[in-house]
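Scroll down for the structure; my scribbles are underneath it.
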Amino acid sequence: MVKRGVREIVRRDADERLVPDSREVSRHRPLTLASLNHRISPDRRIFTDSAIMGEEEDAVSLDQNSSGGGEDSSLRRNCHSSPLPPHLSSKVLTLPTVLTLGRVAAVPILVATFYVDCWWGRTATTSIFIAAAITDWLDGYIARKMRLGSAFGAFLDPVADKLMVAATLILLCTKPMDAIVLGPVPWLVTVPSIAIIGREITMSAVREWAASQNGKLSQAVAVNSLGKWKTATQMIALTILLASRDSSFERLLPSGIGLLYVSAGLSVWSLVVYMRQIMRVLLKKK
């Protein structure tokens with residue numbers, strides 16, 4: 001009985017200190033210095049206005065940092081909340097990346113063997129390009145099946161392809177080929193080579209620009225089936241043209257040139273398709 005009476009006296013004393021309209025505390029309202037100061041009668045308030053203002057400033061600062069106002073907190077949040085996608089490996093030198101680096105290293109060897117004027121030089125040049133074309137397909141296959149893709153490999157793979165293709169086209173332009181009907185035609189390989197290399201340079205710049213914009217533009221310039229057909233015809237055409245430098249495969253020259261023009265047409269066509277997709281995205285934004 002004594003304990004119950006003491007508790008009742010303490011409760012009444014606490015109620016007397018509270019403002020009559022604020023005796024029931026909302027369960028959903030957070031307890032702050034301002035709200036606590038409001039519940040106490042004016043003559044018994046214990047928190048000064050400066051303390052309350054300081055608490056509000058801390059709350060605003062915390063809210064800005066948590067909502068992205070602070071650059072450091074944004075970086076920390078991105079680091080913790082944006083892990084690598086499951087199909088990308090955290091390693092830099094994976095097997096597909098090593099194969100891609102091998103293609104890059106093979107470019108100067110390809111150039112050196114091209115100017116070796118004997119049968120083994122021509123055979124070596126053709127073999128190096130065929131090996132590069134095979135590894136171009138193989139590294140992508142291994143990266144997908146074994147989940148060994150990496151951000152560095154995704155960047156390096158198209159660079160290696162463009163280096164190998166551009167180097168081969170320039171080498172073929174330095175030695176004009178003899179057409180069976182027209183004889184020596186200096187522009188026969190030069191014209192499609194300009195179209196192919198120009199398209200690759202343009203698309204590289206467009207993709208870099210799209211990556212700095214929103215996600216819809218990046219999707220608009222993603223590799224499609226037309227680009228894959230373009231790459232396939234390119235590789236076959238250049239392989240035939242390199243092999244036709246040998247007298248044993250001279251008859252393949254017309255087919256190689258024809259495929260090279262088909263590849264150049266697909267290159268220009270795919271560029272037009274990408275540009276149309278980009279224009280659609282930009283017009284929708286307006």
Side-chain angles (χ1 to χ4, degrees), residues 92-114 125-144 149-175 189-212 217-218 220-242 256-257 259-275 277-278:
V92 176
L93 289 179
T94 60
L95 179 58
T97 305
V98 172
L99 293 175
T100 305
L101 288 172
R103 292 208 308 277
V104 176
V107 173
I109 303 176
L110 178 80
V111 175
T113 56
F114 183 85
T125 305
T126 307
S127 301
I128 291 171
F129 188 84
I130 292 174
I134 293 174
T135 55
D136 183 24
W137 167 83
L138 186 61
D139 60 6
Y141 178 81
I142 294 175
R144 290 189 299 270
S150 64
F152 179 66
F155 154 76
L156 189 63
D157 183 69
V159 173
D161 296 342
K162 290 174 176 57
L163 284 175
M164 183 62 69
V165 171
T168 304
L169 287 171
I170 294 172
L171 290 174
L172 291 172
C173 290
T174 60
K175 289 187 176 182
V189 179
T190 305
V191 172
S193 297
I194 293 173
I196 293 172
I197 296 176
R199 183 265 183 193
E200 297 299 336
I201 294 174
T202 304
M203 280 308 304
S204 296
V206 169
R207 285 197 171 104
E208 184 176 356
W209 168 75
S212 64
L217 283 174
S218 298
V221 295
V223 178
N224 54 25
S225 58
L226 186 61
K228 294 179 180 180
W229 278 105
K230 180 265 304 179
T231 302
T233 54
Q234 246 178 36
M235 295 299 180
I236 296 173
L238 293 178
T239 300
I240 294 175
L241 290 176
L242 288 174
I257 293 176
L259 281 175
L260 187 63
Y261 275 86
V262 170
S263 176
L266 291 175
S267 298
V268 176
W269 185 16
S270 64
L271 179 62
V272 173
V273 170
Y274 285 131
M275 291 302 178
Q277 292 175 352
I278 291 174

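At a threshold of 4.5 Å between non-hydrogen side-chain atoms, the residues Leu217 and Trp209 count as touching. The shortest distance between side-chain heavy atoms of Ile197 and Ile170 falls below 4.5 Å. Looking at heavy atoms from C-beta onward, Val159 lies out of side-chain contact with Val104 at the 4.5 angstrom threshold. Counting heavy atoms from C-beta on, the side chains of Thr202 and Tyr274 never come closer than 4.5 Å. Taking the side chain as every heavy atom from C-beta outward, Gln234 and Ser267 approach each other to under 4.5 Å.
From Arg103, atom CZ reaches atom CE of Met164 across 7.5 Å, with rounding to the nearest 0.5 Å. Of the inter-residue distances, the one linking Leu241 atom CG with Lys175 atom NZ reads 14.0 Å to the nearest 0.5 angstrom. Rounding to the nearest 0.5 angstrom, the gap separating the CZ atom in Phe129 from the CD1 atom in Ile134 is 11.0 Å. In this structure, the separation between CG on Asp157 and CG on Leu101 is 10.5 Å, given to the nearest 0.5 Å. Taken from CG in Leu238 to OG in Ser193, the straight-line distance is 8.0 Å, to the nearest 0.5 Å. How far CE of Met235 is from OG1 of Thr168: 8.5 Å, rounded to the nearest 0.5 Å.
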Audit row: Leu260, Ile196, side chain to side chain contact (heavy atoms under 4.5 Å, CB included) steps and yes/no: CA-CA 9 Å; Leu260 187 63; Ile196 293 172; 3.8 Å; yes
Full working for side chain to side chain contact (heavy atoms under 4.5 Å, CB included) between Leu171 and Thr125: CA-CA 11 Å; Leu171 290 174; Thr125 305; 5.7 Å; no
Check against side chain to side chain contact (heavy atoms under 4.5 Å, CB included), Leu242 and Ile130: CA-CA 10 Å; Leu242 288 174; Ile130 292 174; over 6 Å; no
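For the pair Ala264 and Ala195, the tightest heavy-atom approach, listed with the atom from each and the gap, is CB-CB, 4.2 Å. The two residues Val191 and Tyr261 make their nearest non-hydrogen contact at CB-OH, 4.2 Å. Looking at every heavy atom in both residues, Leu266 comes nearest to Leu226 through CD2-CD1, 3.8 Å. Of all the heavy atoms in Gly256 and Ala237, the pair that sits closest is O-CB, 3.7 Å.
Put simply, the residue from Thr94, Asp161, Asp139, Thr135 that forms a side-chain hydrogen bond (donor to acceptor under 3.5 Å, both in side chains) with Thr100 is Asp139. Applying side-chain hydrogen bond (donor to acceptor under 3.5 Å, both in side chains) to Ser270 and the options Lys228, Lys230, Arg199 leaves one that passes, Arg199. Of the options Val273, Val272, Leu271, a side chain to side chain contact (heavy atoms under 4.5 Å, CB included) to Met275 is made by Leu271 and by none of the others.
Judged by distance alone, the side chain of Ser263 and the main-chain N or O of Leu259 form no donor-acceptor pair under 3.5 Å. Using a distance-only test at 3.5 Å, with no hydrogens or angles considered, no donor-acceptor pair links the side chain of Thr97 to the main chain of Leu93.
Tyr141 and Trp137 have parallel rings, their planes meeting at less than 30° on a 0 to 90° scale where 60° marks the start of perpendicular.
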